[in-house]
Amino acid sequence: MNEPPKDVAGALQEVRARMDRSAHDADRDPAAVQLVCVSKGKQASDILPALEAGERIFGENRVQESQKKWPELRERFPDLELHLIGPLQTNKVREALALFDVIETLDRPKLAEALAKEIQSGGRSPELFIEVNTGREPQKAGILSEEADGFIAFCRDQLGLKVTGLMCIPPADEQASPHFALLSLIAKRNGLAKLSMGMSADYELGIQLGATHVRVGSAIFGARHYPDPTPSA
Ligand SMILES: *Cc1c(COP(=O)(O)O)cnc(C)c1O
């Protein structure tokens with residue numbers, strides 16, 4: 001099951017080049033699109049080549065896994081920006097605030113309240129993106145699109161949370177473009193500047209449709225056997 005080690009630096013060059021090309025094609029400033037290197041399921045030794053290549057923005061989907069990997073890496077690379085891109089349980093809010101600079105998965109009122117409470121009592125105050133379930137998938141996290149305006153207002157106006165953007169994960173078996181377009185529309189009418197959309201398979205499309213953040217994992221670090229171990233073949 002061991003795969004040959006991925007040439008992370010080479011893969012990053014390729015992803016960076018494609019991002020630049022997509023931005024140029026869409027008449028956008030390449031500097032306006034941030035690459036979030038998704039390092040979930042990867043060990044520090046796999047992540048190091050990306051840090052050494054100059055990458056500083058990383059995405060993880062689990063609080064506990066991140067607690068094990070990142071404090072040590074942050075000592076060596078203090079200018080890191082760590083994004084939480086996986087679901088956050090309310091009982092992990094304190095740990096998440098201590099660790100992450102951006103939480104991309106604010107997806108329900110209970111979590112918003114827990115974040116507000118913890119931030120008020122002196123926790124760090126990360127940037128927050130609201131996750132929108134644009135595909136209305138019952139198994140997926142995120143606020144429904146028709147509830148997004150109300151939820152954004154609740155978070156910003158009632159709780160005073162620092163909401164700066166939106167994030168979505170389109171259904172795997174559908175064209176991503178209508179989902180990206182919908183996310184962009186909701187952001188615009190709510191005055192939110194940041195849009196996290198696009199993964200390894202569709203980050204170029206995300207950039208064409210206005211992404212300010214693309215979350216790219218396997219195209220940089222190779223395949224993951226994660227979160228579940230590969231079933232025995
Ligand atoms: C794993 C993950 C990614 C990265 O997926 P790749 O297809 O490996 O690029 C992006 N966003 C979220 C929310 C993820 O969980």
Side-chain angles (χ1 to χ4, degrees), residues 8-40 42 46-61 66 69-70 73-74 77-86 88 96-97 99-106 124-132 134 142 161-170 176-177 179-181 183-188 190-221:
V8 169
L12 269 169
Q13 277 189 351
E14 162 96 22
V15 169
R16 285 280 179 194
R18 286 180 180 223
M19 287 176 62
D20 279 0
R21 209 176 311 133
S22 308
H24 282 299
D25 287 351
D27 270 329
R28 299 189 57 206
D29 177 3
V33 188
Q34 310 284 309
L35 173 59
V36 181
C37 303
V38 175
S39 50
K40 64 185 183 191
K42 298 292 168 184
D46 300 321
I47 301 172
L48 212 49
L51 285 157
E52 280 162 354
E55 297 301 332
R56 288 296 179 271
I57 309 180
F58 290 83
E60 290 281 347
N61 68 339
S66 309
K69 291 194 309 205
W70 283 100
L73 289 168
R74 208 192 268 276
F77 301 92
D79 53 341
L80 273 177
E81 182 178 306
L82 209 53
H83 289 224
L84 180 64
I85 60 169
L88 177 56
L97 287 178
L99 204 54
F100 292 98
D101 306 290
V102 180
I103 293 175
E104 297 201 14
T105 48
L106 173 50
R124 286 166 75 242
S125 178
E127 269 189 55
L128 301 169
F129 296 178
I130 288 171
E131 180 175 358
V132 183
T134 56
L161 289 172
K162 202 161 70 186
V163 177
T164 57
L166 300 178
M167 178 273 227
C168 75
I169 311 169
S177 40
H179 298 276
F180 292 167
L183 198 71
S184 168
L185 190 76
I186 298 171
K188 271 210 187 79
N190 286 283
L192 295 173
K194 300 188 179 173
L195 279 174
S196 175
M197 52 190 206
M199 321 204 304
S200 289
D202 53 19
Y203 63 91
E204 290 157 294
L205 185 63
I207 291 169
Q208 282 166 30
L209 293 173
T212 60
H213 294 73
V214 291
R215 309 177 308 270
V216 181
S218 46
I220 297 170
F221 296 109

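For the pair Ile103 and Phe129, the minimum side-chain heavy-atom distance is 4.5 Å or more. In this structure, Met167 and Arg215 have side chains that are in contact, with non-hydrogen atoms separated by less than 4.5 Å. At a threshold of 4.5 Å between non-hydrogen side-chain atoms, the residues Arg74 and Leu82 count as touching. For the pair Leu48 and Val8, the minimum side-chain heavy-atom distance is 4.5 Å or more. Side-chain contact between Cys37 and Phe221: present, with at least one pair of heavy atoms (C-beta onward) separated by less than 4.5 Å. With contacts defined as side-chain heavy-atom distances shorter than 4.5 Å, the pair Leu35/Leu12 qualifies. For the pair Phe58 and Leu51, the minimum side-chain heavy-atom distance is below 4.5 Å. Two residues are said to be in side-chain contact when any heavy atoms from C-beta on lie closer than 4.5 Å; Ile130 and Leu192 fail this criterion.
Under the ring pair (Phe, Tyr, Trp, His ring centres under 6.0 Å) criterion, Phe100 pairs with no residue, sequence neighbours left out. Residues passing the salt bridge (Lys or Arg N to Asp or Glu O under 4.0 Å) test with Arg21: none are found, sequence neighbours excluded.
Within 6.0 Å of CD on Glu52 lie more than 12 heavy atoms contributed by other residues, nucleotides or ligands.
In this structure a side-chain-to-backbone donor-acceptor pair under 3.5 Å is present from Lys69 to Lys42. The closest donor-acceptor contact from the side chain of Ser184 to the backbone of Phe180 lies at 3.5 Å or more, if one exists at all. In terms of modelled atom types and a separation under 3.5 Å, the side chain of Thr134 and the main chain of Pro170 share no donor-acceptor contact.
One finds the CD atom of Glu131 at 6.0 Å from the OG1 atom of Thr105 (value rounded to the nearest 0.5 Å). Note that NZ of Lys188 and CG of Leu166 are 11.5 Å apart. Values are rounded to the nearest 0.5 Å. Once rounded to the nearest 0.5 Å, the distance linking CD of Glu60 with CG of Leu84 reads 9.0 Å. Taking NE2 of His83 as the start and OG of Ser39 as the end, the distance is 11.0 Å to the nearest 0.5 Å. Here the CG atom belonging to Asp202 is positioned 9.5 Å from the OG atom belonging to Ser177, to the nearest 0.5 angstrom. Interatomic distance, CZ of Arg16 versus CE of Met19, reported as 5.0 Å (0.5 Å rounding).
Between Asp101 and Arg56, none of the side-chain N atoms (NZ, or NE/NH1/NH2) sits under 4.0 Å from a carboxylate O, so this pair counts as no salt bridge. Contact check on Lys194 versus Glu104 returns no salt bridge, with no Lys/Arg side-chain nitrogen under 4.0 Å from an Asp/Glu carboxylate oxygen.
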Are Tyr203 and Val33 close enough, and set up right, to give a side chain to side chain contact (heavy atoms under 4.5 Å, CB included), and what steps lead you there? CA-CA 10 Å; Tyr203 63 91; Val33 188; over 6 Å; no
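The two residues Val36 and Gly59 make their nearest non-hydrogen contact at CG1-N, 3.5 Å. The heavy-atom pair separating Cys168 from Met197 by the smallest distance is SG-CB, 4.4 Å. Scanning both residues, Ser196 and Leu183, for their nearest heavy atoms gives O-CD2, 4.1 Å. Nearest heavy atom pair, residue Ala23 against residue Pro30, reads CB-CA, 3.7 Å.
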Contacts table for residues 205-214: side-chain donor-acceptor under 3.5 angstrom, sequence neighbours left out:
| from | atom 1 | to | atom 2 | distance (Å) |
| --- | --- | --- | --- | --- |
| Thr212 | OG1 | Leu195 | N | 2.8 |
| Thr212 | OG1 | Leu195 | O | 3.3 |

